[in-house]
Amino acid sequence: MSEVFGIPIQAFLGQLLIGLINGSFYAILSLGLAVIFGLLNIINFTHGAQYMMGAFVAWMGLKYLGINYWAALLLSPLVVGLTGVVIERLCLRRLYQLDHLYGLLLTFGLALVVEGLFRQGYGISGLSYPVPKLLQGGENLGFMYLPIYRAWVVVASLVVCFGTWYVIERTKLGAYLRAGTENPRLLQAFGINVPVMVTLTYGFGVALAAFAGVLAAPIYQVNPVMGSNLVIVVFAVVVIGGMGSIFGSIVTGLGLGVVEGLTKVFYPEASAVVVFVIMALVLLVRPAGLFGREA
Amino acid sequence: MKRLVRVLGVLGTVLLAAAAWAGSGISDGVIRIGVLNDMSGTYSDLAGPGSVVAAKMAVEDFGGKVLGKPIEILSADHLNKPDVAANKAREWYDKDKVDAIVDLPTSSCALAVLEVAKQKNKITIVSTGASTRITNKNCSPTNVHWTYDTYALAVGTAKAIVAEGGDTWFFLTADYAFGHSLEKDTAEVVKASGGKVVGAVRHPFPSADFSSFLMQAQASKAKIIGLANAGADTTNAIKQAREFGITPNQTLAGLLVFLTDVHSLGLETAQGMQLTTGFYWDYNDETRAWSKRFNERHGRMPTMVQAGVYSSLMHYFKAVEKAGTDEATAVMKAMKAIPVNDMFAKNGWIRDDGRMVHDMYLVQVKSPSESKGEWDYYKVLRVIPGDEAFMPLEKSTCPLVKK
């Protein structure tokens, strides 16, 4: 059998695909961060907690109200996005004039509070969310067994990612958003209500995190700290892609998922570190990130 | 010369005080117990606040007093950090006059506190910490290791599985001291029972996605995938093994699985898995009666380590009563002299290395149709006698063991 770097080509293909699946989570989360940073200049450290809330709201909906997965896929981002709107109105709004550091501290503190509350209520060992009936089972691809749900995750997140990219880069609404990033006062002079736009953008970024949370619920245990480990990696992804770059965050997310996946085969012990090594290298060579514009 | 006199003076006072203390029954008029564990992290469901509930139940069941002196329970979060654990232990022993520290999850934290207690001649009773180092290289004359250890887990589960024909193993190992020790202990048992280890992969701690590691395990064609990890790592690995169609073609062996893990996974996912435990709430009338009371207070059935905290404290109070003092050496002597007979253990006894020897249970997780209700999770397949379950004393590397 032919081999790639000493492992059979079939196993190698399987690992590539697995990497792509995990990469789609990175992509969708870093996309939300990039959107928020692009317009609000806020480094949203609550992102991991909002991803966790997305999963929890889906779980609660099923447990207490009998809301199924498909409805949760819409409702949960909506509910969590609304909490984002409240946070933006009550807290973040007051920080735009200040240094980045204040936004970072506030959102980090909020993340700790939210995680603490969920831990108090639901404990640490996690809750199970079943895979929806339609997506149960899997397909034998010859080189690997692919659970249908994982395939769905890739498709759903790619659709959402490129949909978001299209809206921001190719539509009039997106043009307003980009204009708001460049010069909010001028945009306001054209009659656009910039503060509302900013609020909704934050709500949308948060909703993306919650969407990823719902996608993750059937795969991982729904657990109050499920986001806190992930968010650090996702930040590294954003830094590598270039802060605020929409396209960069999508491509980097997918790419790093693959790199991490392959590290798990060749040197598993380093798989938790490899993303940060790449981040350090990228910062040395291109401080603005792979797809970022030099400031 | 003047300095020498002063030093001698201080020394004399200290010795006098120590002598007075040792002879006078209960120091400072109160028996203080510190429950030191993880109150907010990975191990907070399986031990955490539930261990404090168990400790309080022990105090009540003993009547609230030993030798006519009141018993007090303190508790603190060591955050799974050995330095935090050691500092808290020092503070408790020195400032708060704590007589014994119990529970102690996370082996590294347990070992750190053991050192402090050894220096200060105070009691520790480890219930949740798992490493066999606690009763071997790092053993202490004032410590008891109560509920289980990695050796007992390995012997219980691996021996049974190899005997049933599961003779090729691949390990998924958490990449830190505990995981390595669990893998090593289990691999030795597998080989000694005639099995073969075909490979292992070390995953970072903690990990969320195991699909890549699981595919490597699948490619190894081993009959058994041994999970040398704990908590969320174990539950996520089990869940994803099912997702990728690895189970039931290959069998998972959870090497450290708690009742709370099974509860969180649900029987649909966890069914069929074999594991070793030091206690199961639904074993007999005594365990059921106690666990029902625990459940009424805590809202969950007890894990083996929470039951262990209760049992170890009851035994400690009995020993203080017998010794007529709370001085550590005398109490430990009494603890080793009295057999352990309660709802947790029958005819348990404490060896020179500090190991409390008692029966362990090999259990299998029930299928959803076998389960008659919430928390009805295990079938007891086999009672493993204490002598077989724990490492023989002659193999112990503890310097306290006379050879």
Considering only heavy atoms and a distance below 4.5 Å, find which of A:N229, A:I219, A:L127, A:I148 pairs most often with chain B.
A:I219

Parallel, tilted or perpendicular for B:H203 and B:F210, by the 30°/60° rule?
perpendicular

Is there a donor-acceptor pair closer than 3.5 Å between any side-chain N or O of A:Y145 and the backbone N or O of A:G138?
yes

So, does B:D261 use its side chain to make a donor-acceptor pair with the main chain of B:V257 at under 3.5 Å?
no

Ring geometry between B:F178 and B:Y176 (parallel below 30°, tilted from 30 to 60°, perpendicular above 60°)
tilted

A:F276, CZ atom: more than 12 neighbouring heavy atoms under 6.0 Å:
yes

Picking from A:V239, A:V238, A:V237, what satisfies side chain to side chain contact (heavy atoms under 4.5 Å, CB included) with A:M279?
A:V239

As an exercise: rank B:P49, B:A219, B:P204 by heavy-atom pairs under 4.5 Å with chain A and give me the winner.
B:P204

Looking at chain B, which one of A:E269, A:Q221, A:M144 has the largest number of heavy-atom pairs inside 4.5 Å, strictly under?
A:Q221

I'd like to verify something: which residue of A:R119, A:Q15, A:R150 has the highest number of heavy-atom pairs under 4.5 Å with chain B?
A:R150

If we check ring pair (Phe, Tyr, Trp, His ring centres under 6.0 Å) with A:W59, which of these qualifies: A:Y129, A:F118, A:Y122?
A:Y122

What part of B:D209 is in contact with chain A, defined as an atom under 4.5 angstrom from a non-hydrogen atom: side chain, backbone, both or neither?
both

Do you know which of A:S125, A:A272, A:P268 has the most heavy-atom pairs under 4.5 Å to chain B?
A:S125

Please classify the contact between B:S207 and chain A as side chain, backbone, both or neither, with a heavy-atom cut-off of under 4.5 Å.
neither

Given that the side chain runs from C-beta out, which part of B:F244 has a heavy atom under 4.5 Å from chain A: side chain, backbone, both or neither?
both

What part of A:P130 is in contact with chain B, defined as an atom under 4.5 angstrom from a non-hydrogen atom: side chain, backbone, both or neither?
neither

Quick one: what part of B:S44 sits under 4.5 Å from any heavy atom of chain A, side chain, backbone, both or neither?
both

